[in-house]
2 protein chains.
Amino acid sequence: MSSQKTREQIVEAADQLFYRQGYEHTSFSDIAGAVKISRGNFYYHFKTKDEILDAVIAQRLKNTRAMLDQWEADGATPAERITCFIKILITNQSKIMAYGCPVGTLTGELAKLGHPAQSDAGRLFTLFREWLAEQFTALGRKADADQLAMHLLSRSQGAATLANAFHDEAFVTSEVDKMCAWLDGVISTEH
Amino acid sequence: MSSQKTREQIVEAADQLFYRQGYEHTSFSDIAGAVKISRGNFYYHFKTKDEILDAVIAQRLKNTRAMLDQWEADGATPAERITCFIKILITNQSKIMAYGCPVGTLTGELAKLGHPAQSDAGRLFTLFREWLAEQFTALGRKADADQLAMHLLSRSQGAATLANAFHDEAFVTSEVDKMCAWLDGVISTEH
DNA sequence: AACCTTATAGGACAATCGTCCTAAAAGAGA
DNA sequence: TCTCTTTTAGGACGATTGTCCTATAAGGTT
């Protein structure tokens with residue numbers, strides 16, 4: 001098998017496991033078991049665990065960018081795009097209730113570990129932040145676009161955290177509705 | 001030294017370390033080093049690491065209850081009490097920016113570990129939830145008290161998560177102001 | 001077939017983990 | 001002071017961790 005293919009499988013398996021079990025709690029053996037390769041062979045593709053983490057973060061950045069690009073390519077209005085963001089909570093509801101938000105939980109864990117990749121993981125948040133700010137700017141809210149973006153990001157994070165803690169489906173729906181209503185308010189506000 | 005005293009020191013040190021480094025990333029050696037007792041002596045006070053976690057959660061529940069009781073004893077109005085809750089973000093700002101919310105991060109970590117103490121940690125959230133619901137009920141919002149409580153809890157969690165991710169002091173202030181404004185809206189709403 | 005690069009398996013390694021045992025020190029009561 | 005309980009220190013234990021080495025297998029090219 002080509003080296004590239006195996007590498008991708010490792011990154012994919014690590015991505016899932018880091019999300020489900022956390023970075024620290026996932027061992028080389030776990031990943032090797034998931035990909036069904038020997039633990040020793042690992043070293044050929046990645047020298048350290050940190051290198052895998054870097055690759056996972058890079059993949060998540062790439063996937064997220066692709067998702068955001070897709071939303072723009074669909075010819076939707078900025079408001080509809082923001083609604084897409086809000087509704088990730090519903091699209092990924094079962095995963096979020098089980099494991100939380102992939103971005104928030106990874107960032108939080110790396111912060112506690114004092115891990116060097118902390119800032120790289122933070123770029124995942126920044127990606128959403130800047131994309132949302134662009135959409136709010138397109139809505140004519142250039143002046144406070146970043147603040148609106150951070151506020152929405154914050155609401156979404158909180159909903160994900162509590163969804164994970166309480167496993168409450170109705171709560172997620174309720175919060176999504178509230179965020180959509182808030183968005184309507186933002187749009188209709190005179191400036 | 002009495003056994004009770006040492007035990008309390010262990011729980012206190014473990015509490016701090018679990019908050020700063022996470023549960024899994026904190027070893028017996030870390031705690032023993034902080035309390036300045038031998039690693040072996042640990043076993044006399046706690047048989048397993050899980051037992052320490054249980055004790056830490058119990059202490060946090062006790063401290064939180066004491067804090068909430070204090071707010072009620074101060075003779076404040078329900079609205080003022082809720083404001084106290086919102087302003088925890090400012091009171092503990094530096095810690096939250098460095099380590100996140102003690103409740104949210106612990107709950108999230110235990111969820112990923114699939115740890116049996118998960119539900120115990122969840123009681124920390126429930127404690128805030130029910131207390132907030134009581135305050136909203138006292139404000140005459142008995143019908144949707146729990147939903148309002150969950151919403152505020154969610155907003156607070158999101159703000160803590162992003163404060164930790166971005167280390168942005170102005171953002172915290174801004175979100176606290178928004179929550180206070182939201183509370184004003186809840187109070188003045190006709191029902 | 002022969003050859004050379006690429007990829008793999010298996011295990012060695014030092015360190016650290018949570019757990020547990022045991023002998024000695026400290027303290028209390030007679 | 002003698003005795004008995006409580007508390008402590010130190011280390012052994014098996015397992016697991018991330019890292020790294022080496023011999024072998026696989027694949028492609030000539």
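Since we're looking at a predicted model, the values are computed, not measured. Lettering of chains follows the sequences in order, A, B, ..., and the numbering in each one begins at 1.
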TODO: Please work out which of the three classes, parallel, tilted or perpendicular, describes the rings of B/Phe136 and B/Trp182, given edges at 30° and 60°.
DONE: perpendicular
- [ ] Choose from C/dT8, C/dG18, D/dT19 the nucleotide whose nearest atom is closest to any side-chain atom of B/Phe28.
- [x] C/dG18
Task: B/Ser38 side-chain proximity, nearest of C/dT8, D/dG10, C/dC17 - done: D/dG10
Task: B/Thr126: partners by side-chain hydrogen bond (donor to acceptor under 3.5 Å, both in side chains), with sequence neighbours left out - done: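 Per chain and number, B/Thr126 pairs via side-chain hydrogen bond (donor to acceptor under 3.5 Å, both in side chains) with no residue.
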Open item on the list: Show every ring pair (Phe, Tyr, Trp, His ring centres under 6.0 Å) that has at least one partner inside residues 71-106 of chain A, sequence neighbours left out.
Closed with: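 Ring pair (Phe, Tyr, Trp, His ring centres under 6.0 Å) check on residues 71-106 of chain A returns A/Tyr19-A/Tyr99, A/Trp71-A/Trp131, A/Phe85-A/Phe128.
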Task: Within residues 30-60 of chain A or reaching into it, pairs that qualify as ring pair (Phe, Tyr, Trp, His ring centres under 6.0 Å) - sequence neighbours excluded - done: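 Every pair satisfying ring pair (Phe, Tyr, Trp, His ring centres under 6.0 Å) with a residue in residues 30-60 of chain A: A/Phe28-A/Phe42.
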Open item on the list: Which residues in residues 44-58 of chain B have a heavy atom closer than 4.0 Å to any atom of DNA chain C?
Closed with: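 Heavy-atom cutoff 4.0 Å gives B/Thr48, B/Lys49.
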Look for any protein N or O under 3.5 Å of an N or O in nucleotides 12-16 of chain C and output each such pair with its distance, or none.
unit_1: C/dA12; atom_1: N6; unit_2: A/Arg39; atom_2: NH2; d: 3.2

TODO: Could you name each residue pair satisfying salt bridge (charged side-chain N to carboxylate O under 4.0 Å, His left out) that touches residues 50-61 of chain A, not counting sequence neighbours?
DONE: A/Asp15-A/Arg60
TODO: Return each pair, listed once, that meets salt bridge (charged side-chain N to carboxylate O under 4.0 Å, His left out) where at least one residue sits in residues 117-127 of chain A; pairs must be two or more places apart or across chains.
DONE: none
Gap between atoms [atom1] and [atom2], on [X] and [N] respectively (whole Å):
X	N	atom1	atom2	result
A/Ile37	D/dT24	CD1	P	21 Å
B/Lys5	C/dG27	NZ	P	15 Å
A/Phe42	C/dG11	CZ	P	18 Å
A/Arg7	C/dT8	CZ	C1'	17 Å

Open item on the list: Quick check: on DNA chain D, is the nucleotide nearest A/Asp30 upstream (toward 5') of the one nearest A/Gly40, or the reverse? Name the residue that is more 5'.
Closed with: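 Taking each residue's closest nucleotide, the earlier one in sequence belongs to A/Asp30.
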Has [X] got a side-chain N or O lying under 4.0 Å from the OP1 or OP2 atom of [N]?
X	N	answer
A/Tyr43	D/dC20	yes
B/Asn41	D/dA9	yes
B/Thr6	D/dT8	yes
A/Ser3	C/dA7	yes

Task: B/Met97 with B/Leu106, same ILVMFWY side-chain cluster at under 4.5 Å - done: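 No; B/Leu106 is not reachable from B/Met97 via cluster members.
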Open item on the list: Taking salt bridge (charged side-chain N to carboxylate O under 4.0 Å, His left out) as the definition, give me every residue that meets it alongside B/Arg129, ordered by chain and number, with sequence neighbours left out.
Closed with: B/Asp146
- [ ] Output all residues satisfying ring pair (Phe, Tyr, Trp, His ring centres under 6.0 Å) with B/Phe18, sequence neighbours left out; order by chain, then residue number.
- [x]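 B/Phe18 satisfies ring pair (Phe, Tyr, Trp, His ring centres under 6.0 Å) with B/Tyr23 once adjacent residues are dropped.
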